[in-house]
Number of protein chains: 2
Amino acid sequence: MTASRPTMEDVAARAGVSRALVSIVFRGAAGASPATRERVLTAAAELGYQPDRRASRLGRTRTRMLGVVFGVGHAFHGDLVDSLYVAAADSDYEVVLSGVTPRRREDEAVRALQAERCEAIVLLGSTLPARALAELASRLPTVSVLRDVRAAGVDVVRTDDAEGLRQAVAHLHALGHRRIAHADGGQAPGAAERRRGYRTAVRRLGLAELPLLPAGLTEEDGARAAGAFLAGPAKDRPTAVTAFNDRCALGFVDAVRRGGVGVPERLSVVGFDDIRAAAYAHIALTTIRQDADALGRLAIERAAARLDEGAPPGRPAVVAPTLVVRATTGAPR
Amino acid sequence: MTASRPTMEDVAARAGVSRALVSIVFRGAAGASPATRERVLTAAAELGYQPDRRASRLGRTRTRMLGVVFGVGHAFHGDLVDSLYVAAADSDYEVVLSGVTPRRREDEAVRALQAERCEAIVLLGSTLPARALAELASRLPTVSVLRDVRAAGVDVVRTDDAEGLRQAVAHLHALGHRRIAHADGGQAPGAAERRRGYRTAVRRLGLAELPLLPAGLTEEDGARAAGAFLAGPAKDRPTAVTAFNDRCALGFVDAVRRGGVGVPERLSVVGFDDIRAAAYAHIALTTIRQDADALGRLAIERAAARLDEGAPPGRPAVVAPTLVVRATTGAPR
DNA sequence: TCCTCGTACTAGAGCGCTCTAGTCGGAGAG
DNA sequence: CTCTCCGACTAGAGCGCTCTAGTACGAGGA
């Protein structure tokens, strides 16, 4: 099995050239004749040689590795990871994943990435205290995606959450809704902005600001909020709800329907994120779409700018969300 | 920013010892007096020194890295990743994640891991052809989790899928169901075994084997199967359905309910996996639980046995599933 | 004919660690 | 008082690459 893998030395010997030449060929650098290049590649293939990235990174000054911390269970993080992989490849960076799970905390995930000598860290929906982020940013370019933090040196890439809620409320208002409530995300990244967006939008339209339905970021939280919703007397209920995110909206819709309240007949619901599942025909959630591709691309661009051009941390990059109307909203009866 | 991080050399100089001694301290190896150890640690802290893992792995013969390929959007993979992180830490291995996304194929993910010099590869629900797996296994210890493959050198860790379906069918039968159908997973890893398990169980109980409802592994697929289910005349419909997995079951239940068929009043549904979401109060899916912790632990054990003890690939490790009765099953009316 | 220049290639010094084979000094045995 | 042994520590050779500073050589110009 491990008769110790072939190294560059072996390839060089077989091709009858120096180690350096093999390196040139594998890096795609200039300075090797086509014929030799061919010969080296052939020798490598025969030996089943594959360059050792650890060693190559050690030898190089730059590692070109970008550490990405993500929540393993979070659907939208998955969409972002997809986009980060693509964007990084385009900029000739390599992404290294480090997952946060119920038994692996965010700071552990970050530490692992630092030990690997990633050149920059991208945090998806970080819940680290601002102090910890600033401390991290003092060591490495740090990009916080989805979470707006004011911490020294931390770059922020996020969706315009408030604008998203403005669109959601405007959509519901246009449909004729006047009693619109918000299922709140509490401490979750982005929740404060969305809460604020809801309040501003409602006030501007001259509508009543209804009490928040305490929810959170999972389906379970949404279902819990539905409980609170159903508990009130039917005639006082809002006719529409904007949810903190899609997962929350999904749980909310599900629970409310089972409580006998039809969606969208009796209640309209708007989510946030536009996770893949929201688009599924059987769910067809009206939602505020976060542009995962744009967010991913911007995050990589920020990191690359800091690294390649020595750019200072910039002001938050804010991506516009878009309303996606599907089947969970309609005119109130 | 990068005034080039401190190295062992810097720490050694500051603590007034040799580089080797610093190495000893950081590896926790024997051969340093408590006083010196303390001094080195202090110097390191003052400099903000953190050892470079790449370099340490290069110096070492063993990298003790385990590559894990997982589907970024798959809920159950997330549960497995959590358990793998824990199990690996216990065996003093380090897991390196490589995600499969809509735009990043499984073979790319595997290649990245090989280039990192992982010592073994763990594939979650691989869809690689058996040939490719055998080829991979000829280079590195390879463990296929959730997918039963007969490929030379590949270790398999999986749930007893057929037994799971036996339990599901037996549960439904005990409740009084006689017309039980299966929403099939098609080509997905494990689908063939579950299909077979369904057929065997139904036959043994003397029940009719109903036509498969073609589904798949996503909520969408489940909803599609529900369409087929609802299309038939009501009186010929099965009274219970076993679904390929939880996500599929969730989509199925949702669509069927909206088609006016109550669950569990008119139709009982059993899932498979017991993903976190299945347990949520508002979903409360009766399901066959795969033991993610056991699967993760066994996968690591297998890899470790091959690596540490030179053990040959063994026969498949099969984990028993368990029935978790929640609220989507009941007696037929 | 000599010199320059560019292309193809090589030597060898790192990169930041690990780890083997030492050295050194003092405590305990004889 | 010498000899051994052990614990504490160091020197230095790797690990598999990268990359700078070369060398060798043939073509082209004066």
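Sequence lines set the chain letters: A, B, ... in the order given, protein chains first and strands last, and positions in each chain run from 1.
Distance Gln50(B) CD to dG16(C) P: 14 Å, rounded to the nearest Å. Taking atom OH on Tyr49(B) and atom P on dG16(C), their separation rounds to 10 Å, with Å as the unit. What separates CG of Leu21(A) from C1' of dT18(D) is a distance of 14 Å, to the nearest Å. Whole-Å rounding puts the Ile24(A) CD1 to dG16(D) P distance at 20 Å. Nucleotide dC17(C) holds its P atom 12 Å from the CZ atom of Arg53(B), rounded to whole Å. Met8(B) places its CE atom 4 Å from the P atom of dT18(C), with the value rounded to the nearest Å. Spacing between atom CZ of Arg62(B) and atom P of dC17(C) amounts to 21 Å, rounded to whole angstrom units. One interatomic measurement links the two molecules: CD of Glu9(B) to P of dG14(C), which rounds to 12 Å at whole-angstrom precision.
The nucleotide whose nearest atom lies closest to any side-chain atom of Ala55(B) is, among dG16(C), dG16(D), dC9(D), dG16(C). For Arg117(A), the side-chain atoms get nearest to dC17(C) when compared with the rest of dC9(C), dC17(C), dC9(D).
Of the possible donor and acceptor atoms, one in the side chain of Arg39(A) sits under 3.5 Å from a partner among the backbone N and O of Ala15(A).
Screening residues 17-43 of chain B for ring-ring contact (aromatic ring centres under 6.0 Å, His included), with sequence neighbours left out, gives Phe26(B)-Tyr49(B).
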Under the side chain to side chain contact (heavy atoms under 4.5 Å, CB included) rule, what do Phe70(A) and Leu84(A) come out as? Steps first, then yes or no, please.
-> CA-CA 11 Å; Phe70(A) 72 111; Leu84(A) 287 168; over 6 Å; no

Leu123(B) vs Val110(B), side chain to side chain contact (heavy atoms under 4.5 Å, CB included): CA-CA, chis, key distance, verdict = CA-CA 9 Å; Leu123(B) 302 158; Val110(B) 169; 3.8 Å; yes

For Arg19(B) and Thr7(B), run side-chain hydrogen bond (donor to acceptor under 3.5 Å, both in side chains): C-alpha distance rounded to whole Å, both residues' side-chain angles, the deciding distance at 0.1 Å, then the answer.
-> CA-CA 9 Å; Arg19(B) 206 181 59 253; Thr7(B) 75; over 6 Å; no

Would you tabulate the side-chain donor-acceptor contacts of residues 126-136 of chain B under 3.5 Å, counting partners in other chains and residues two or more places apart, or write 'none'?
from, atom 1, to, atom 2, distance (Å)
Ser126(B), OG, Glu106(B), OE2, 2.7
Ser126(B), OG, Leu128(B), N, 3.1
Thr127(B), OG1, Glu106(B), OE1, 3.2

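Of the side-chain N and O atoms in Ser18(A), none sit less than 4.0 angstrom from OP1 or OP2 of dA11(C). At dC9(D), one or more side-chain N or O atoms of Ser33(B) fall inside 4.0 Å of OP1 or OP2 (strictly under the cut-off).
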Protein and nucleotides 19-24 of chain C: nitrogen or oxygen contacts under 3.5 angstrom:
from, atom 1, to, atom 2, distance (Å)
dC19(C), OP2, Arg27(B), NH1, 3.0

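If you find the closest nucleotide of DNA chain C to Arg39(A) and to Leu58(B), the one lying nearer the 5' end belongs to Arg39(A).
Side-chain polar atoms of Ser56(A) and Arg27(A) form no donor-acceptor pair below 3.5 angstrom.
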